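Have a look at the structure below, then the notes.
Note that the structure is predicted; figures quoted are calculated from it, not measured. Worth knowing before you read on, the calculation uses all heavy atoms, side chains too, and leaves out hydrogens, waters and symmetry mates.
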Amino acid sequence: MVERCQKKESYSLLARCGIAFSLLVLAILFFALPQPNIFSVNGFPFLAYFALIPVFLLVRFVSWKTVWLWGIAYGVGAYCLFTYWLATFHPLGIFVISFMYGLYLMFAFPLLKAAASLFPKWGWLVQGLVWCAYDYVKTLGFSGFHYGVLAYSHWRVLPLIQIVDTVGLWGLDGVITFTSAWFTGVIVDAYRSLKLEGIDTGLKALVKKLPQACKKHLISGCCWLVVFTGVLIYGLISPVDYSEAPQVEVALIQQNSDPWVGGVSAYQRDLKTLMRLSDAALAENPQVDFVVWPETAFVPRVLWHYQHRYERDKFQLVDDLLHYLDDAPVPFVIGNDHGVDGLGNSVIDYNAVLLFTPKENALPPAPDIYGKMKLVPFTEYFPFDKQFPQLYQMLLNGDTHMWEPGLEPVVFEVQGNEGDTKINFSTPICFEDTFGFVGRRFVNVGAQAFVNLSNDAWSKSLACQYQHLSMAVFRSVENRVPTVRATTTGQTCIIDPNGKILTMAEPFVETYLVGSIPVMDKTEKTVYTRLGDYVGVIFAVASGLVLVVGLVVRCVSKKRS
């Protein structure tokens with residue numbers, strides 16, 4: 001008898017582990033699939049509405065002793081699958097990001113379990129609130145990272161994303177997350193009904209109970225439907241009409257190479273390619289008002305090598321570039337590794353954008369300059385070199401280029417060929433257009449458009465480039481300004497103020513893209529431009545307060561009993 005009981009207990013333990021592992025695998029898959037991924041660059045956005053069900057069920061199913069381990073496993077697995085391309089970026093890239101999110105979720109999973117435990121009836125709703133708070137908090141600080149936020153899966157669903165000009169990304173994220181939380185509540189209630197009735201809790205029996213459980217959640221389901229309908233209606237009536245706005249023409253150059261690979265010979269090759277493509281674009285489109293080259297498209301430090309000429313091969317490239325820009329018919333916006341003299345013989349580097357206007361500031365070079373403010377953590381910027389010298393040295397030994405962060409948002413101005421149209425624009429560099437607060441800062445100081453310069457060539461991944469593009473779309477809608485993207489290998493494109501991609505160059509080819517962008521009147525700012533990520537802050541504060549109140553009530557109840 002004892003042996004039979006032990007076998008039964010062992011079988012039950014294996015069965016529980018099997019269920020937990022199955023939920024974990026589903027959760028990891030559902031994390032990646034709604035977004036651009038290895039299987040589809042467009043992603044499967046409808047899956048976003050169910051993506052968190054396995055997560056919310058998993059934390060309920062596993063014990064308090066192990067829930068944090070499952071959080072680590074989910075974080076590592078989800079980001080290894082979703083950002084697999086980081087393995088080509090840096091030897092430590094995939095390890096650092098996956099471990100970092102494993103650490104984050106090691107703390108988030110117990111909070112999700114606490115939500116279910118402290119609120120037996122409404123735990124599903126609190127779980128959704130906690131997840132929205134986590135989604136927002138993970139984007140803050142030095143290591144902030146927007147990749148993986150569910151709302152980004154809807155980058156092509158234009159009617160639904162219009163709401164972000166009012167409630168930001170986090171309002172839409174809340175609408176999507178609520179569905180997973182609601183279905184979790186239905187499943188949990190169906191399971192409880194079976195347990196109370198002493199009925200077999202197998203999958204078939206559970207499915208039969210779902211309609212009855214749905215009725216218990218009818219009011220909350222109807223409330224979500226009303227909100228979702230409101231979001232759709234808003235999406236149909238809110239897009240801005242820019243048909244009467246003045247237009248400027250821009251040429252976006254895509255050289256199809258990683259400018260950092262190959263040394264001086266590669267710099268020379270890329271410069272010839274960039275000039276050739278620019279000349280072709282201007283010859284075929286004389287109405288172009290300015291030309292944009294991608295992030296660090298020209299690597300040698302323009303101003304520094306012009307002043308310090310002892311590296312003659314690099315100075316010669318700089319001299320060739322400056323004479324070309326001075327003779328050009330229009331201004332050029334170029335990405336450059338901008339250097340200034342530091343202490344001793346050191347050089348302080350900035351990932352920068354330089355604006356050259358022919359016959360004005362090209363020879364001698366005195367361009368308008370913007371330095372990238374939000375640098376990529378660990379691979380472009382690591383402020384803890386004194387605290388973690390060994391890790392810092394490991395980063396330097398890999399394929400990294402550390403920069404100093406810029407301090408201020410900059411607005412450039414270009415006058416159109418016609419003379420009566422000018423445009424003020426800012427230039428978020430690569431990683432920066434994944435952050436709403438960066439774009440908002442630019443618009444608040446006068447930007448009428450975003451001109452993004454990116455280099456994703458290192459990833460050798462179309463999914464990576466589409467994931468980046470999917471986030472850039474939201475910056476236009478949040479602030480109702482157009483975005484143009486000049487990239488090394490893709491996705492070079494033009495995005496209108498409503499988030500619609502008007503035209504896009506073929507990726508992984510040498511090419512250029514010419515198109516018009518409207519000059520938007522920004523005297524009327526959107527709610528998001530004025531208030532920022534206030535919905536994310538509300539989620540973070542509310543979830544903390546609700547959990548604290550739940551814990552206090554539980555402690556008081558225990559004392560009374």
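- Annotation: the span from N256 atom CG to T273 atom OG1 amounts to 9.5 Å, rounded to 0.5 Å.
- Using modelled atom types and a 3.5 Å distance limit, the side chains of T489 and Q465 yield a donor-acceptor pair.
- In this structure, the side chains of Q255 and T488 come closer than 4.5 Å at one or more pairs of heavy atoms.
- Atoms CD and CH2, on E380 and W403 in that order, are 5.0 Å from each other to the nearest 0.5 Å.
- Inter-residue side-chain proximity for K460 and F508 is flagged as unmet; no heavy-atom pair is nearer than 4.5 Å.
- In terms of heavy atoms, P45 sits closest to H154 at O-CE1, 3.6 Å.
- Residues D341 and W304 have side chains that bring a donor and an acceptor to within less than 3.5 angstrom of each other.
- You'll find the side chain of L355 reaches within 4.5 Å of the side chain of V414, heavy atoms only.
- When only modelled atom types and interatomic distance are considered, S278 and W293 share a side-chain donor-acceptor pair under 3.5 Å.
- Annotation: cation-pi pair K138/Y104 absent, no NZ/CZ under 6.0 Å from the ring centroid and within 45° of its normal.
- For Y534, the OH atom is densely surrounded, since the number of other residues' heavy atoms within 6.0 Å is greater than 12.
- Under the 4.5 Å side-chain criterion, counting only non-hydrogen atoms from C-beta, I494 is not in contact with P482.
- Under the 3.5 Å distance criterion, the side-chain polar atoms of Q35 are left unmatched by any main-chain donor or acceptor of F31.
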Checking S40 against N42 for the side-chain hydrogen bond (donor to acceptor under 3.5 Å, both in side chains) test, could you report, in this order, the C-alpha distance in whole Å, the side-chain angles of both residues, the deciding distance, and whether it holds? CA-CA 5 Å; S40 169; N42 291 321; 4.9 Å; no
Could you please spell out the steps behind the side chain to side chain contact (heavy atoms under 4.5 Å, CB included) verdict for V264 and L317? CA-CA 9 Å; V264 175; L317 287 175; 4.1 Å; yes
Take Y101 and Y79, measure what ring-ring contact (aromatic ring centres under 6.0 Å, His included) needs, and give me the verdict at the end. CA-CA 8 Å; Y101 278 95; Y79 277 89; 4.1 Å; yes
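- Using modelled atom types, no side-chain atom of T83 and backbone atom of C80 make a donor-acceptor pair closer than 3.5 Å.
- Checking side-chain atoms of S476 against main-chain N and O of V481 turns up a donor-acceptor pair under 3.5 Å.
- With hydrogens and angles disregarded, a donor-acceptor distance shorter than 3.5 Å links the side chain of D258 to the backbone of W260.
- Atom-to-atom distance recorded for F298:CZ and T296:OG1 is 11.5 Å, nearest 0.5 angstrom.
- For the pair D173 (side chain) and L169 (backbone), a donor-acceptor distance under 3.5 Å is absent.
- At a threshold of 4.5 Å between non-hydrogen side-chain atoms, the residues Q316 and D319 count as touching.
- Annotation: salt bridge (Lys or Arg N to Asp or Glu O under 4.0 Å) contacts involving residues 295-307, sequence neighbours excluded, comprise E295-K372, R301-D337, R301-D349.
- For an aromatic pair to be called close, the ring centres must be under 6.0 Å apart, and F425 with F290 satisfies this.
- Interatomic distance, E478 CD to I161 CD1, rounded to the nearest 0.5 Å: 9.5 Å.
- Of the listed residues (E284, R276, Q254), just one forms a side-chain hydrogen bond (donor to acceptor under 3.5 Å, both in side chains) with Y512, and that residue is E284.
- Using a 4.5 Å heavy-atom threshold, the side chains of L86 and V96 count as separate.
- At least one side-chain heavy atom of H468 sits less than 4.5 Å from a side-chain heavy atom of C430.
- Counting all heavy atoms, side chain and backbone alike, A245 lies closest to V519 at CB-O, 3.8 Å.
- A donor-acceptor pair is defined here as one N or O able to donate and one able to accept, closer than 3.5 Å; no such pair exists between the side chain of Q268 and the backbone of D313.
- Atom CD of E506 is surrounded by 12 or fewer heavy atoms from other residues, nucleotides or ligands within 6.0 Å.
- For residues 428-453, the pairs satisfying salt bridge (Lys or Arg N to Asp or Glu O under 4.0 Å) are D433-R485, with sequence neighbours left out.
- The salt bridge (charged side-chain N to carboxylate O under 4.0 Å, His left out) test applied to R480 returns D165, not counting sequence neighbours.
- In this structure a side-chain-to-backbone donor-acceptor pair under 3.5 Å is present from N336 to V302.
- Geometric assessment of R530 against the ring of Y528 yields a negative cation-pi assignment under the 6.0 Å and 45° thresholds.
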If you apply the rule side chain to side chain contact (heavy atoms under 4.5 Å, CB included), what do you find for F539 with V137, and how did you get there? CA-CA 9 Å; F539 281 147; V137 170; over 6 Å; no
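- For the pair N498 (side chain) and K500 (backbone), a donor-acceptor distance under 3.5 Å is absent.
- Closest approach of Y350 and V340 over heavy atoms only: CE1-CG2, 4.0 Å.
- In this structure, D289 and P331 approach most closely via the heavy-atom pair O-CD, 3.3 Å.
- Each of N351, V333, V411, V410 was evaluated against Y370; a single residue qualifies, V410, per the side chain to side chain contact (heavy atoms under 4.5 Å, CB included) test.
- Under the ring-ring contact (aromatic ring centres under 6.0 Å, His included) test applied with H146, the options Y136, W170, F474, F431 reduce to a single match, W170.
- Judged purely by distance below 3.5 Å, without hydrogens or angles, the side chains of D456 and S454 never pair a donor atom with an acceptor atom.
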Pair I495-F450, side chain to side chain contact (heavy atoms under 4.5 Å, CB included): steps then yes or no: CA-CA 10 Å; I495 305 167; F450 298 141; over 6 Å; no
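- Expressed to the nearest 0.5 Å, how far CD1 of I38 lies from CG of L462 amounts to 11.5 Å.
- Contact of the I423 side chain with the I517 side chain is registered, since non-hydrogen atoms from C-beta on lie closer than 4.5 Å.
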Side chain to side chain contact (heavy atoms under 4.5 Å, CB included) between L271 and Y324: does it pass, once the steps are laid out? CA-CA 10 Å; L271 178 58; Y324 173 79; over 6 Å; no
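- Of the possible donor and acceptor atoms, none in the side chain of D533 sits under 3.5 Å from a partner among the backbone N and O of G168.
- Here the CZ-OH distance, from F315 to Y306, works out to 6.5 Å after rounding to the nearest 0.5 Å.
- Across all non-hydrogen atoms, the minimal contact from L81 to A32 is CD2-CB, 3.8 Å.
- S461 pairs with exactly one of W85, Y466, Y84 by the side-chain hydrogen bond (donor to acceptor under 3.5 Å, both in side chains) rule, that one being Y84.
- The two atoms that bring I501 and C493 nearest to each other are CG2-CB, 4.2 Å, heavy atoms only.
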Could you give me the CA-CA distance, side-chain angles and deciding distance for S243 and D241, then say whether side-chain hydrogen bond (donor to acceptor under 3.5 Å, both in side chains) is met? CA-CA 6 Å; S243 59; D241 179 9; 2.7 Å; yes
